[in-house]
Amino acid sequence: MTFPLLTVTAAVPAVGAVLTAAVPAKQRTAAKWLALLFSLATLALAVLVAVRFEPGGARYQLTESHAWIADFGVRYELGVDGIGVALIALTALLIPFVIGAGWNDADPLETNSSRWRPTQGFFALILMVEAMVVISFEATDVFLFYIFFEAMLIPMYFLIGGFGDRAHAGSDENAAAQRSYAAVKFLLYNLAGGLIMLAAVIGLYVVAGNFSLQEIAAARAAGTLDMATNTERLLFLGFFFAFAVKAPLWPLHTWLPNAMGEATAPVAVLITAVVDKVGTFAMLRFCLGLFPEASKWATPVILVLALISIVYGALLAVGQRDIKRLVAYASISHFGFIILGIFAMTSQGQSGATLYMVNHGISTAALMLVAGFLISRRGSRLIADYGGVQKVAPVLAGTFLIGGLATLSLPGLAPFVSEFLVLVGTFARYPVLGAVATIGIVLAALYTLVLYQRTMTGPVKEEVRTLPDLRLRELLVVAPLIALLIGLGVYPKVLTDIVNPAVQHTLSDVKKTDPKPEVAVEAKNGEAVK
C-alpha cells in the first residue's frame with residue numbers, strides 16, 4: 001500500500017484546526033504558534049507533492065481510490081494533475097503568510113477577556129478552510145468535490161461575519177451590521193450556486209451511473225456514454241453557474257466587494273487568493289472535462305461575460321474611495337482575464353489562465369496584506385485619509401508599490417507573463433476580443449498608480465506623521481511574496497513545465513488544437529502567400 005500523500009496533505013491542516021481550537025482560552029500565543037506550525041507542515045507536504053509529481057507522466061498522479069458510499073457510486077478518489085499541483089502549492093504557500101499577517105487580528109479588545117474575538121477560533125477556521133480547499137484541488141470524484149466545495153462556505157462565513165476589519169472600531173453597531181450583511185450575502189450567493197450544482201450533480205449520476213471523473217471521461221472516449229446534447233448543456237450550466245459565483249464572474253460578483261471590504265485583510269486574501277481559485281480551477285477540471293461539447297457551445301457567451309468582468313471591474317476600481325474595495329474590484333477584472341484564457345481554448349490561453357491563478361494569488365496577497373498593515377495603523381480604509389506615507393514609512397510604501405505594479409502586470413513581475421499568455425492565446429482565436437481585453441491593462445495602470453499617488457505621495461497629512469514603518473513580523477510576511485513576484489516574473493518555467501501537460505490534456509478533452517498562425521511568407525516568384 002502506497003503512502004496516501006494527498007490525504008495527509010489535506011488532513012494535516014484539518015487536524016491542526018481541531019488542536020488549535022482546543023487550546024485553552026488564555027493560551028492565545030500558543031494557539032497562534034500551533035496554527036503556524038501546522039500550516040508550515042502542510043507547505044512541506046505540498047512541496048513533496050510537487051517533487052513527486054512527474055509532468056510528463058500520467059494525467060492524474062498520486063491517486064487514491066477507496067469505496068465510500070458504494071450503493072450510490074460514490075468513491076473517495078483523489079488525484080492531481082499539473083494544474084492541481086500548482087494551486088495546492090499556492091494555497092499551502094499563502095496560509096502561513098495569512099496567519100502571520102493576522103497574528104493580532106483576533107486578540108480580544110479587552111485585555112482580560114477570554115471570550116470576545118477568540119484567537120483560537122480565528123486560526124482554527126483558517127486552517128479548516130485550507131484543508132477543504134486542498135482536498136477540492138485533489139478530488140476526482142464529483143460528489144466528493146461537491147461536499148468540500150460547499151463545506152468551505154461555513155468557516156468562511158464565520159471568518160467574514162465574526163472577525164471584521166477593526167477600521168470600523170469607532171462605530172461597533174454599524175460595523176457589526178455591515179459584517180453580518182457581507183457574510184450573509186457571501187453565504188446566500190454561494191449556496192444558491194451550490195444548490196443548482198447539486199441538481200446537476202444528481203443529473204450527472206443519472207446519466208453516467210457514477211461520479212468518477214476518470215471513469216466518465218473513459219466512457220466518453222470509448223463512446224459508451226450516451227449523453228443527449230440538451231442534457232449535457234443543462235448539466236454544464238448547473239456546474240458553471242456555481243463556479244461562476246465562486247470565481248466570481250459578472251454579474252454574479254457583487255458579494256465579493258462586500259466580503260473583502262468587511263473582512264480583515266488576511267481573510268480578504270483567503271477569499272480572493274485561495275477560495276475563489278476553486279471556481280476557476282473547477283471550470284477547467286469539471287466543465288471542460290465532463291461537458292466538452294457544451295463548453296464549446298457556451299464559449300461565445302462566457303467570453304463576452306469575461307470581457308465585461310475585465311472592463312467593468314477595472315472601471316469600478318478606478319472610482320473607488322475604499323482601498324480594500326478597490327483591490328476587490330481589481331480582482332474581479334483579473335478573474336475576467338482568467339476565465340477569458342480558459343475559454344479561449346488555446347494552449348497559451350489556458351496555460352496563462354493557470355499561471356494567472358497562481359500569480360494573482362501572490363500579487364493580491366502582497367498588495368492586500370500591506371494595505372492591511374497600513375489600514376491598521378491609521379484606522380481608516382478611505383484613500384482620502386492618507387497622503388505622504390512614503391516620507392514617514394518608506395519600506396511600507398515601497399512594498400505597496402511593488403504589489404501595485406504586480407497588480408497592473410508590469411513586465412518583470414510574475415503576473416505579466418500570465419496576462420501576456422492569456423492575451424496571446426485569445427488573439428490567436430478571437431482577435432477582436434483580445435483587443436477589447438487590453439482595455440483592462442490600461443485601466444489597471446490607472447487605478448494602481450492613482451491609488452499609490454493619493455496615499456503615498458504628496459504632502460504628509462497630519463494623521464499619518466506618526467505612522468511606524470513595517471515591523472519585523474510584517475517584513476517576514478511581505479518580503480517572501482515580493483521575492484516570488486520577481487522570481488516567477490524572471491523565470492516562470494518552473495510553473496509552465498508543470499501546467500503545460502495538463503493544459504494539453506484539457507484541450508484534448510474538448511478536441512481543440514491551437515489555430516495555425518496566418519503568416520505571409522515570400523514565395524520564390526516574389527508574390528506573398530499564406
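Count residues from 1 along the sequence. Everything quoted here is computed from the prediction, not taken from an experiment.
Shortest non-hydrogen contact noted between P415 and S418 is O-OG, 2.9 Å. Of all heavy-atom pairs spanning L195 and E150, the tightest one is N-OE1, 4.5 Å. Contact detail for L256 and S331: the closest heavy-atom pair is CD2-CB, 4.5 Å. Taking all atoms of both residues into account, the shortest heavy-atom contact from L485 to N359 is CD2-O, 4.4 Å. For the pair T140 and L78, the tightest heavy-atom approach, listed with the atom from each and the gap, is OG1-N, 3.8 Å. For the pair I271 and A263, the tightest heavy-atom approach, listed with the atom from each and the gap, is CD1-CB, 4.5 Å.
No donor-acceptor pair under 3.5 Å is formed between the side chain of R75 and the backbone N or O of F211. The backbone N or O of L6 sits less than 3.5 Å from a side-chain atom of E64, completing a donor-acceptor pair. A donor-acceptor pair under 3.5 Å is absent between the side-chain atoms of S65 and the main chain of E77, judged by distance alone. Not one N or O on the side chain of T231 forms a donor-acceptor pair closer than 3.5 Å with the backbone of M227. A distance-only check finds no donor-acceptor pair linking the side chain of Q27 to the backbone of P24 [under 3.5 Å]. Checked by atom type and distance alone, the side chain of T272 never pairs as donor or acceptor with a backbone atom of V269 at under 3.5 Å. Between the side chain of S376 and the backbone N or O of F373 there is at least one donor-acceptor pair closer than 3.5 Å. In terms of modelled atom types and a separation under 3.5 Å, the side chain of E130 and the main chain of S39 share no donor-acceptor contact. E138 places no side-chain N or O within 3.5 Å of a backbone atom of G79 that could act as its donor or acceptor partner. Put simply, the side chain of T280 gets close to the backbone of K277: a donor and an acceptor are under 3.5 Å apart.
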*Applying side-chain contact (heavy atoms from CB on, under 4.5 Å), run through I83 and R285 and close with a yes or a no.*
CA-CA 9 Å; I83 299 169; R285 173 167 284 190; over 6 Å; no

*Would E262 and V267 count as a side-chain contact (heavy atoms from CB on, under 4.5 Å) if you check the C-alpha gap in whole Å, the side-chain angles of each, and the deciding distance to 0.1 Å?*
CA-CA 10 Å; E262 298 307 320; V267 173; over 6 Å; no

*asked:* If you apply the rule side-chain contact (heavy atoms from CB on, under 4.5 Å), what do you find for F281 with T354, and how did you get there?
replied: CA-CA 8 Å; F281 163 81; T354 304; over 6 Å; no

*Verify side-chain contact (heavy atoms from CB on, under 4.5 Å) between L94 and L481, making sure each step is shown before the conclusion.*
CA-CA 9 Å; L94 291 182; L481 296 174; 3.9 Å; yes

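With salt bridges taken as basic N to acidic carboxylate O contacts below 4.0 Å, none links K32 and D105. A salt bridge is absent between E215 and R220: the closest approach of a Lys/Arg side-chain nitrogen to an acidic carboxylate oxygen does not fall below 4.0 angstrom.
Classification of the Y356-H334 ring pair by plane angle, with boundaries at 30° and 60°, yields tilted.
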Review item, side-chain donor-acceptor pairs of residues 235-250, under 3.5 Å, at least two apart:
residue, atom, partner, partner atom, Å
K246, NZ, F149, O, 3.3

Donor-acceptor list for residues 498-506 side chains, cut-off 3.5 Å, not counting sequence neighbours:
residue, atom, partner, partner atom, Å
N500, OD1, S351, OG, 2.7
N500, ND2, T496, O, 3.2
T506, OG1, A502, O, 3.0

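Among I332, L326, V327, the single residue meeting the side-chain contact (heavy atoms from CB on, under 4.5 Å) criterion with Y329 is I332. A side-chain contact (heavy atoms from CB on, under 4.5 Å) with L19 holds for exactly one of L37, L127, L34; it is L34.
Checked against ring-ring contact (aromatic ring centres under 6.0 Å, His included), W33 has the following partners two or more places apart in sequence or in another chain: W103.
Between the side chains of S333 and Y312, no donor-acceptor pair is found at a separation under 3.5 Å.
Atom CG of L48 and atom CG of L62 lie 8.5 Å apart (nearest 0.5 Å). The OG1 atom of T264 lies 7.5 Å from the CG atom of L159; values are rounded to the nearest 0.5 Å. In this structure, CZ on F137 lies 4.5 Å from OG1 on T91, to the nearest 0.5 angstrom.
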